[in-house]
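For the single chain, residues carry numbers from 1 onward in sequence order.
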Amino acid sequence: MRERGRTRRLMGLGARTGGALLKTRLGGQADWRALGEALFEGLSELKGPAMKLAQIMSQWDDLLPPDLAEELARLQRQAEPMPWPKIREALVLQYGDIDHYFSEIEERPFASASMGQVHRATTHEGETVVLKVQYPGLAEVLESDLIQVRRIMRLGRWFKVPQARLDALFEELAESLRGELDYHAEADALARYRERYKDDPRLVIPEPLPALSGPHVLAMRYVEGTPLRELADADDATRQGIAETLANWITQELFTYGELHADPHAGNFAADTQGRLVIYDLGAVIAVPEARIKAMMQLLDATLKHDPMGMDEALMQMGGRQGQGAPLALYRESAECIAPLFEPGEQDFSDVRVHRRLRELTPKVWAAMDRLQPPADTLLLSRALNGHYWNLVRLGARLNMHERTLPLLKWAH
């Protein structure tokens with residue numbers, strides 16, 4: 001990867017983003033579609049931290065302008081693969097003589113992402129495996145890329161996001177990206193999760209293959225499945241089964257093991273032919289302290305009770321608000337938006353009325369940013385939970401959230 005060219009392109013993307021925001025700031029109408037198309041065109045080929053940031057943004061469907069959100073979502077579905085000769089260089093770096101290990105490697109990637117892509121391969125014993133290949137040279141340019149991403153993120157100050165919060169978000173992103181380049185850590189996570197859920201008939205986690213893995217390639221046994229993002233046309237029973245398993249797994253992770261899968265884009269999950277949830281990627285797993293979970297549950301409790309003062313107190317304790325004057329009216333509207341999903345009985349996550357109300361609330365959230373900020377130590381957790389929520393929306397989940405959360409709310413007090 002040529003560092004100088006990458007830097008110029010990242011700076012250009014920052015300038016185009018700033019121009020769109022400036023136009024909006026001056027009272028004009030930003031062309032969010034054009035901006036999104038420019039970001040897709042540049043980042044899908046560029047790879048690395050900037051593309052990862054755009055993928056993170058695309059998960060905030062309820063906060064972004066619809067045209068921009070739609071274009072950014074394409075980065076999850078249609079990321080341009082790196083040409084095979086470059087990927088082959090990485091494989092040679094890892095294995096030396098590739099033919100000694102594999103009888104065939106498919107040149108067309110099985111999946112593409114921001115930090116690497118996955119290719120199917122066949123061993124000489126006839127076994128199908130997948131090779132997660134880190135983009136060549138990415139580790140060497142990561143830090144310089146992050147400097148440019150930090151400059152782009154400074155535009156967030158126009159939305160009244162304090163520099164301290166932007167710095168915290170950047171550090172969260174940087175730490176996550178550095179971790180995703182550690183394939184030894186991901187192999188350990190795969191092994192740990194396989195042991196943890198070995199008796200769960202609803203979950204499938206690929207087996208890492210240490211003998212074929214190294215710093216730049218993670219090898220796993222191939223597990224066939226239909227990606228979650230392609231389940232829209234699946235039968236209702238399959239979608240509901242996967243949705244329930246996903247919700248149960250997230251709950252168990254948080255409240256039993258104090259961890260959470262923190263890269264919830266739809267390409268990391270699938271359904272196999274038996275209707276089991278397949279979890280392909282464990283490159284981003286975060287620890288979630290019990291105190292943090294309890295604080296968030298206390299905020300949810302106040303929200304479901306339509307108690308704006310209780311919501312403000314919970315946010316203050318979490319470090320999520322500063323300045324003078326609690327935005328009580330905003331709290332009330334937020335509770336009205338969120339509470340219906342937790343009413344007794346089965347609730348439909350695909351109910352567009354909920355999403356419409358959340359989107360209508362967004363401008364008011366931005367307007368209160370001088371007083372209302374996401375707590376610095378919950379940014380990654382909040383983003384991950386938001387991504388898992390939208391996966392449930394995509395599945396058209398129908399869940400009894402009241403029944404699920406009632407014992408958890410009691411536990412938190």
Side-chain angles (χ1 to χ4, degrees), residues 56 59-60 62-63 156-157 159-173 175-176 250-262 264 285-343 357-358 361-389 401-402 404-413:
I56 291 170
Q59 293 172 7
W60 298 337
D62 52 336
L63 294 181
R157 289 178 294 183
F159 291 124
K160 301 180 183 179
V161 180
Q163 188 60 49
R165 286 299 191 273
L166 292 173
D167 289 343
L169 178 58
F170 172 80
E171 292 302 330
E172 169 217 18
L173 175 68
E175 182 180 356
S176 173
I250 294 167
T251 302
Q252 191 170 3
E253 279 291 283
L254 283 171
F255 293 91
T256 302
Y257 298 107
E259 288 190 313
L260 184 65
H261 184 292
V285 176
I286 58 172
V288 186
E290 183 177 296
R292 189 175 303 169
I293 301 175
K294 285 189 174 182
M296 295 185 76
M297 294 304 293
Q298 288 164 6
L299 173 60
L300 177 61
D301 191 30
T303 301
L304 299 183
K305 291 177 178 176
H306 295 262
D307 177 6
M309 293 302 295
M311 293 170 69
D312 193 61
E313 181 181 350
L315 278 171
M316 292 286 283
Q317 291 178 355
M318 293 170 64
R321 195 173 75 74
Q322 46 276 311
Q324 299 296 319
L328 298 182
L330 179 60
Y331 293 155
R332 293 189 185 95
E333 289 190 65
S334 300
E336 290 171 1
C337 288
I338 295 168
L341 278 176
F342 294 86
E343 290 178 354
R357 294 190 68 179
L358 285 171
L361 197 63
T362 298
K364 299 178 183 179
V365 173
W366 288 119
M369 276 294 179
D370 54 338
R371 294 167 289 164
L372 190 64
Q373 294 291 326
D377 61 352
T378 64
L379 288 169
L380 182 54
L381 174 60
S382 298
R383 178 179 70 82
L385 289 172
N386 189 66
H388 287 301
Y389 163 77
M401 296 304 294
H402 176 81
R404 287 172 176 274
T405 55
L406 197 59
L408 303 177
L409 291 171
K410 292 180 179 178
W411 165 85
H413 285 281

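Residues Asp307 and Tyr331 fail the side-chain proximity criterion, which asks for heavy atoms closer than 4.5 Å. Counting heavy atoms from C-beta outward, Thr251 and Thr256 have side chains that stay 4.5 Å or more apart. When side chains are defined from C-beta on, Ile250 does not count as touching Tyr389, because their heavy atoms never get closer than 4.5 Å. Contact of the Leu260 side chain with the Leu381 side chain is registered, since non-hydrogen atoms from C-beta on lie closer than 4.5 Å. You'll find the side chain of Lys294 reaches within 4.5 Å of the side chain of Trp411, heavy atoms only. The shortest side-chain heavy-atom distance between Glu253 and His261 does not fall under the 4.5 Å cut-off. Looking at Ser334 and Thr303, their side chains never come closer than 4.5 Å, going by heavy atoms from C-beta outward. Looking at heavy atoms from C-beta onward, Leu408 lies out of side-chain contact with Leu300 at the 4.5 angstrom threshold.
With sequence neighbours left out, Glu313 forms a side-chain contact (heavy atoms from CB on, under 4.5 Å) with Gln317. Under the side-chain contact (heavy atoms from CB on, under 4.5 Å) criterion, Ala262 pairs with Ala284, Ile286, Leu380, Ala384, not counting sequence neighbours. Scored by the salt bridge (charged side-chain N to carboxylate O under 4.0 Å, His left out) test, Glu259 finds Arg192, Arg196 as partners (sequence neighbours excluded). Residues forming a side-chain contact (heavy atoms from CB on, under 4.5 Å) with Ala314 (at least two apart in sequence, or on another chain): Leu299. For Leu406, the side-chain contact (heavy atoms from CB on, under 4.5 Å) test picks out His402, Lys410, with sequence neighbours left out.
Residue pairs that meet the salt bridge (charged side-chain N to carboxylate O under 4.0 Å, His left out) test with at least one member in residues 328-337, sequence neighbours left out, are Glu333-Lys364, Glu336-Arg357.
Distance check, rounded to the nearest 0.5 Å: CE of Met311 to CG of Leu304 gives 9.0 Å. In this structure, the separation between CD1 on Ile293 and CD on Gln298 is 12.0 Å, given to the nearest 0.5 Å. Atom CD1 of Ile338 is separated from atom CE of Met401 by 11.5 Å, given to the nearest 0.5 angstrom. Considering CG of Leu409 and CZ of Arg404, their distance stands at 13.5 Å, rounded to 0.5 Å.
In this structure, Pro327 and Ala368 approach most closely via the heavy-atom pair CB-CB, 4.5 Å.
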**Message:** Applying side chain to side chain contact (heavy atoms under 4.5 Å, CB included) to Thr405 and Asp301, what does each step give before you reach the verdict?
**Reply:** CA-CA 9 Å; Thr405 55; Asp301 191 30; over 6 Å; no
